[in-house]
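Reckoned from all heavy atoms, side chains included, excluding hydrogens, waters and symmetry mates. It should be emphasised that the depicted structure is a prediction, and the values quoted were computed from it without experimental measurement.
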2 protein chains.
Amino acid sequence: MTTETTETTKVAQRRVPLSRERVLHTAIQLADQGGIESLSMRKLGQELGVEAMAMYYHFANKDDIIDGIVDLVFSEIDLPAAGADWRAAMRQRAISVRDALLRHRWAIGLMESRRNPGPANLRHHDAVIGSLRAGGFDIAMAAHAYSLLDSYIYGFALTTMNLPFDTSEEVAEVAQGMLGPFPMNEYPHLVEMLTDHVMTPGYDFGDEFEYGLDVILDGLERARGRTAIRRSGTHRAR
Amino acid sequence: MTTETTETTKVAQRRVPLSRERVLHTAIQLADQGGIESLSMRKLGQELGVEAMAMYYHFANKDDIIDGIVDLVFSEIDLPAAGADWRAAMRQRAISVRDALLRHRWAIGLMESRRNPGPANLRHHDAVIGSLRAGGFDIAMAAHAYSLLDSYIYGFALTTMNLPFDTSEEVAEVAQGMLGPFPMNEYPHLVEMLTDHVMTPGYDFGDEFEYGLDVILDGLERARGRTAIRRSGTHRAR
DNA sequence: GTCCGGAACTGTACAGTGTAAAGTCGCGGT
DNA sequence: ACCGCGACTTTACACTGTACAGTTCCGGAC
């Protein structure tokens, strides 16, 4: 596969030794193509030309590996630019998170709940909070904004995650299949939305993301304005 | 444990026969107290006084059971009242979903991605869409609103799910533990938010939920208004 | 050259998982 | 008395994470 220049003469020769990095990269690769449940120690070892137990020299346990690949995903997310307008920065960052989650769907339930956050994770959080604070949000307001934005981003990813269709043509048959065993007129509004909207050509559920994102950013902008005014008598924000 | 009145004389006597309902209820109970990963066929059977394979007479496979308990959770959610103001209905429904997810944390990753939605699931979706439509949302706008609200609700539950603390006193030590291995001044904004806000007495992360919810409802109300005005020349909404 | 120590990995084992396939038991109907 | 069948059990298989002990190999000390 890779360049094996170090090979000299001996039989099987020393193979490339393991390393945290090498393990984590093929772990991500494995999870990307088969989902997180297809990432087993034995398959991972097999992919690396090594027995399953070999990884336990470099990692405490499987969770240690999961922590590692999650932080690698965090490192793929663009940090909000330091001097940028908070709104543009938050918008771009949200889209960057979503893109990363689209590349690594398996990460969706894992990113938010690590007990051992890695450095990329912490750096990400710090940069987002910093961007909000620089944009005039006080601490409480920044916490509100962060909670709201992250809930939406991860929630959208979660609800989108394994929609059983990718192309908009598939939507129709899937929707049929889901409603199949039930009488047609029992769920009129749901049927209407599916037939008159979702199954419409050109519909892409992914487009909903930016719509909702802008609604939230509008709301945050107005809330920030209210805070700033309320505070303007005591001290300027930042 | 329970009343065993049907016992008459014989040795072990015919036990209460299994049934979908009985299996699903103890399955929920098991998942509630030990998380979804502690719901195994053998433990479930043991709890029911039965071998693991006995359940396969009543269910196709484990996923069939998961489908069942997820729909039971849906049935616990209050449907939006038919004639109510859309905003009040959506607010109350969001809180009801969140409460159900707090009672059944294991359900969070499962509710949104069922390939075989049960009747309670479909009824829920239908009622929510119906409430929005009755409130003057056109189909596209109702879809936007639904996507936004559900993403937020499930996302908030997801990010809250396994915060490693319940009481606000625990927050401090956990935060310390997370930042422990890192230099203090590397993440100034994050540290500031933790020390000056999160670790403040009386702080409850759960309170963020309704704040963000109201920001979203405000945004939806304004967006709905814009649509209604744009449409007022052609036909009245609904 | 011989020996040692430890790094890096392998082998074996165990308790756990979902479930396919076949076997068993007892009751209701004829 | 017997059959059929519903309801459940037994056994088995392939898979999981990982504890623990054993092996192999390399660099340095003497």
Please tell me which of Tyr56(A) and Met55(B) maps to the more 5' nucleotide of DNA chain D, matching each residue to the nucleotide holding its nearest heavy atom. Met55(B)

Atom CD of Gln46(B) and atom C1' of dT10(D): how far apart are they, to the nearest Å? 17 Å

What is the distance from CZ of Phe59(B) to P of dG6(D), rounded to the nearest Å? 18 Å

Please step through side chain to side chain contact (heavy atoms under 4.5 Å, CB included) for the pair Leu213(A) and Arg98(A), ending with a clear verdict. CA-CA 11 Å; Leu213(A) 179 58; Arg98(A) 174 162 140 77; over 6 Å; no

What residue pairs, at least two apart or across chains, pass salt bridge (Lys or Arg N to Asp or Glu O under 4.0 Å) with a residue in residues 149-161 of chain B? Arg93(B)-Asp150(B)

Check the orientation of Phe209(B) and Tyr152(B). Use parallel for under 30°, tilted for 30 to 60°, and perpendicular for over 60°. parallel

Could you say whether Ala60(A) or Lys43(A) is positioned toward the 5' end of DNA chain D, judged by the nucleotide with the nearest heavy atom to each? Lys43(A)

Tell me what Leu39(B) touches on the nucleic acid: a base, only sugar-phosphate, or nothing, going by heavy atoms under 4.0 Å. sugar-phosphate

To the nearest 10 degrees, what angle separates the axes at the start and end of the helix from dG1(C)-dC30(D) to dT30(C)-dA1(D), five pairs each? 30°

What integer distance in Å separates Leu18(B):CG from dC8(D):P? 5 Å

Counting only heavy atoms not in Gln92(A), do more than 12 fall under 6.0 Å of its CD? yes

Nearest whole Å is fine: how far is dC15(D) C1' from Arg42(A) CZ? 7 Å

Are Ile77(A) and Met111(A) close enough that some pair of their side-chain heavy atoms sits under 4.5 Å apart? yes

Hey, is CD on Glu186(A) packed in by over 12 heavy atoms from elsewhere, all under 6.0 Å? yes

